[in-house]
Amino acid sequence: MSNNKPAHGAARRRGHIPTQTIAYSFALLILAGTGLLLLPCSTRHGIAPLDALFTATSAACVTGLVAVDTYTAFTGFGQAVVLGLIQIGGLGLVTLTSFFAMTVRRRMSFHSLQLAGESIGAPSAVEARRLLGTVIKVAFACEGLGAAALCAAFVPEYGAEGVWISVFLAISAFCNAGFDVLGRIAPYASLTAYTSNWYVQGVLMALIVSGGLGFLVWQELAALRRTKRVSLHTRVVLAFTGLLLFGGALGFAVLEWQNPATLGGMAVGDKVAASLFQSVSARTAGFNTVDLAGTNQLTRLLLCILMFVGAAPGGTGGGIKVTTFSVLAVTVLCVARGREDAVIFGRRIPKKTVYRALAITILSLAAVMAASVTMFFNTSAAVTEMDSLFEAVSAFATVGVSIGVTATMNPAARIVTMVTMFAGRVGPVSLAVSLASRDSSREAWEVLPEGKISVG
């Protein structure tokens with residue numbers, strides 16, 4: 001027995017290394033980005049250190065909440081720094097370094113593959129090598145095609161500068177970041193000037209969904225003609241993504257159809273496009289074509305739910321992940337129907353997965369509530385409880401849509417928001433791995449008496 005204990009301890013330590021390394025890589029990226037944004041050549045009129053740190057954190061965590069408008073505050077160099085943080089943060093510093101190491105050396109240690117797999121959501125270290133190539137190919141292909149498509153809209157309007165706008169928006173949309181350089185129209189305006197431009201909205205929605213599906217899904221879809229099948233994971237991601245996107249669009253349209261501050265004054269076609277765009281964007285992208293500060297309370301609650309669920313694992317989006325939500329949803333339905341096991345698409349979900357999904361959701365809710373309370377007591381008196389909750393969910397789910405709370409935060413609230421964004425970007429993965437591996441080998445040999453607790 002004594003010979004096994006060190007092995008267990010070593011296994012636990014090894015199990016924590018990948019997630020810790022990923023967290024450290026994001027922290028290093030944020031600090032480096034902050035230093036670059038503080039350079040005189042990065043800003044037009046200077047920037048406070050806390051605002052630079054906030055911007056770097058939001059960009060690296062692909063959130064989109066901003067303390068200063070990206071276009072009016074930063075020079076071309078500063079905007080390039082922000083875009084670099086978005087690109088690296090969206091794909092992950094570990095992912096990019098692993099890919100380039102694989103390209104140069106063509107050999108990676110098992111530990112490096114395990115670390116890369118953790119970063120991109122690969123099911124195993126063996127699968128990580130092949131998935132790394134998929135990540136880079138899909139990302140650059142989507143961003144390149146998206147930028148080219150957006151050039152057709154922005155180059156005629158802005159000339160040569162439209163190329164930079166198109167590239168910036170394409171990368172920001174695919175990485176689900178929500179940053180833009182359209183402050184030349186009006187600071188913090190996002191895409192409100194393009195409410196009637198279905199083409200721009202369509203391209204951006206395609207990019208947002210592409211980045212949020214997860215690279216494992218893209219890998220399986222690319223091989224579909226050869227394999228003729230997809231995994232349960234891919235089926236769940238596609239089914240629940242479609243359900244949430246169109247369900248969210250329908251809910252937004254119903255709740256805001258007559259609201260003069262949002263959809264009320266639009267043509268029918270624009271109302272439909274805006275509703276669908278806001279549903280897609282709320283799944284962690286952070287753009288908006290309508291003024292969200294004018295939405296009613298029920299709409300904000302709906303958007304909070306969409307933001308909290310988020311995108312798929314292994315993609316560029318945040319949230320608790322659509323698969324986590326699907327596991328909990330089918331578990332509730334199965335229990336209500338008297339079944340002991342959760343079943344989806346004819347497959348039984350392991351109880352370990354159900355427990356992990358439940359733990360991730362509960363702890364995420366606790367983080368959101370703690371951040372919401374802190375924001376409420378550290379912002380202006382005009383900010384309501386729902387406003388604080390909305391901003392906290394947006395930060396934790398790395399969405400970035402705002403109803404104006406960020407601008408009224410004092411330093412303490414901004415620090416809490418940065419911690420929330422960081423936790424939302426790296427926390428769910430770290431939590432899932434730690435719950436899956438903590439003392440599991442030891443507990444497998446333990447036999448404990450069963451306890452009876454009445455519930456319901």
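Only heavy atoms go into these numbers, but all of them, side chains included; no hydrogens, no water, no symmetry mates. The structure displayed is predicted, hence computed values, not measured ones.
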[X] side chain near [Y] side chain, heavy-atom distance below 4.5 Å:
X      : Y      : result
Arg184 : Glu161 : yes
Gln79  : Val82  : no
Leu238 : Leu213 : yes
Leu389 : Met375 : no
Leu29  : Leu85  : yes
Val401 : Gln278 : yes
Phe174 : Val138 : yes
Leu191 : Leu204 : yes

Please confirm whether the backbone N or O of [Y] pairs with a side-chain atom of [X], one donor and one acceptor, at under 3.5 Å?
X      : Y      : result
Ser372 : Val368 : no
Arg300 : Ile403 : no
Ser326 : Thr323 : yes
Thr353 : Ile349 : no
Ser364 : Ile360 : yes
Ser279 : Leu276 : no
Ser58  : Leu65  : yes
Ser281 : Asn288 : no
Thr316 : Gly90  : no
Ser394 : Phe390 : no

Can you see which heavy atom on [X] is nearest to which on [Y], and at what distance?
X      : Y      : value
Phe179 : Val66  : CE2-CG1, 3.5 Å
Gln201 : Ala273 : OE1-O, 3.5 Å
Cys151 : Pro156 : O-CD, 3.4 Å
Ala147 : Val167 : CB-CA, 4.0 Å
Thr72  : Pro187 : CG2-CG, 4.1 Å
Val68  : Tyr188 : CA-OH, 3.4 Å

Summary of ring-ring contact (aromatic ring centres under 6.0 Å, His included) pairs that have at least one residue in residues 144-163, sequence neighbours excluded: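 Residue pairs passing ring-ring contact (aromatic ring centres under 6.0 Å, His included), neighbours aside: Phe154-Tyr194.
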
Just verifying a value: how many Å separate [X] [atom1] and [Y] [atom2], rounded to the nearest 0.5 Å?
X      : Y      : atom1 : atom2 : answer
Asn410 : Leu50  : CG    : CG    : 10.0 Å
Thr295 : Met386 : OG1   : CE    : 9.5 Å
Leu221 : Leu216 : CG    : CG    : 9.5 Å
Ile171 : Ile86  : CD1   : CD1   : 8.0 Å
Thr361 : Lys321 : OG1   : NZ    : 12.5 Å
Thr420 : Arg425 : OG1   : CZ    : 15.5 Å

Taking atom types as modelled, is there a side-chain donor on Glu391 or Thr406 under 3.5 Å from an acceptor on the other?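 Glu391 vs Thr406: donor-acceptor pair found between side chains.
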
Residue pair Thr284 / Asn176, side-chain donor-acceptor N/O under 3.5 Å: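 Side chains of Thr284 and Asn176: pair found under 3.5 Å.
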
Taking the six-membered ring for Trp, are Phe422 and Phe26 parallel (under 30°), tilted (30 to 60°) or perpendicular (over 60°)?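 Answer is perpendicular, since the angle exceeds 60°.
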
Out of Val399, Ile208, Val209, Val322, which one pairs with Arg283 under the side chain to side chain contact (heavy atoms under 4.5 Å, CB included) rule?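 Among Val399, Ile208, Val209, Val322, the one meeting side chain to side chain contact (heavy atoms under 4.5 Å, CB included) with Arg283 is Val322.
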
Anything under 3.5 Å between a donor and an acceptor, one on a side chain of residues 247-257, the other on a protein residue two or more places apart or in another chain? List them.
{"unit_1": "Glu256", "atom_1": "OE1", "unit_2": "Asn259", "atom_2": "ND2", "d": "2.7"}
{"unit_1": "Glu256", "atom_1": "OE1", "unit_2": "Thr262", "atom_2": "OG1", "d": "2.6"}
{"unit_1": "Glu256", "atom_1": "OE2", "unit_2": "Asn296", "atom_2": "N", "d": "3.1"}
{"unit_1": "Glu256", "atom_1": "OE2", "unit_2": "Asn296", "atom_2": "ND2", "d": "3.1"}
{"unit_1": "Glu256", "atom_1": "OE2", "unit_2": "Thr299", "atom_2": "OG1", "d": "2.5"}

Please say whether more than 12 non-hydrogen atoms of neighbouring residues, nucleotides or ligands are located less than 6.0 Å from [atom1] in [X].
X      : atom1 : value
Arg347 : CZ    : no
Tyr199 : OH    : yes
Trp164 : CH2   : yes

Using the rule given for side chain to side chain contact (heavy atoms under 4.5 Å, CB included), can you reason through Phe74 versus Val81, listing the C-alpha separation, both sets of side-chain angles and the distance that settles it, and then say yes or no? CA-CA 9 Å; Phe74 298 108; Val81 171; over 6 Å; no

Could you walk me through whether Val290 and Met266 pass side chain to side chain contact (heavy atoms under 4.5 Å, CB included), step by step? CA-CA 11 Å; Val290 298; Met266 298 181 186; 3.4 Å; yes

Using side chain to side chain contact (heavy atoms under 4.5 Å, CB included), reason through Leu91 and Phe215 one step at a time and then give a plain yes or no. CA-CA 10 Å; Leu91 299 183; Phe215 297 107; 3.9 Å; yes

I need the full list of side-chain hydrogen bond (donor to acceptor under 3.5 Å, both in side chains) pairs touching residues 33-52, with sequence neighbours left out, sorted by first then second residue.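 Listed once each, the pairs are Asp51-Arg414.
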
Kindly determine whether Val230 and Leu224 satisfy side chain to side chain contact (heavy atoms under 4.5 Å, CB included), including the steps that lead there. CA-CA 7 Å; Val230 294; Leu224 184 59; 3.7 Å; yes

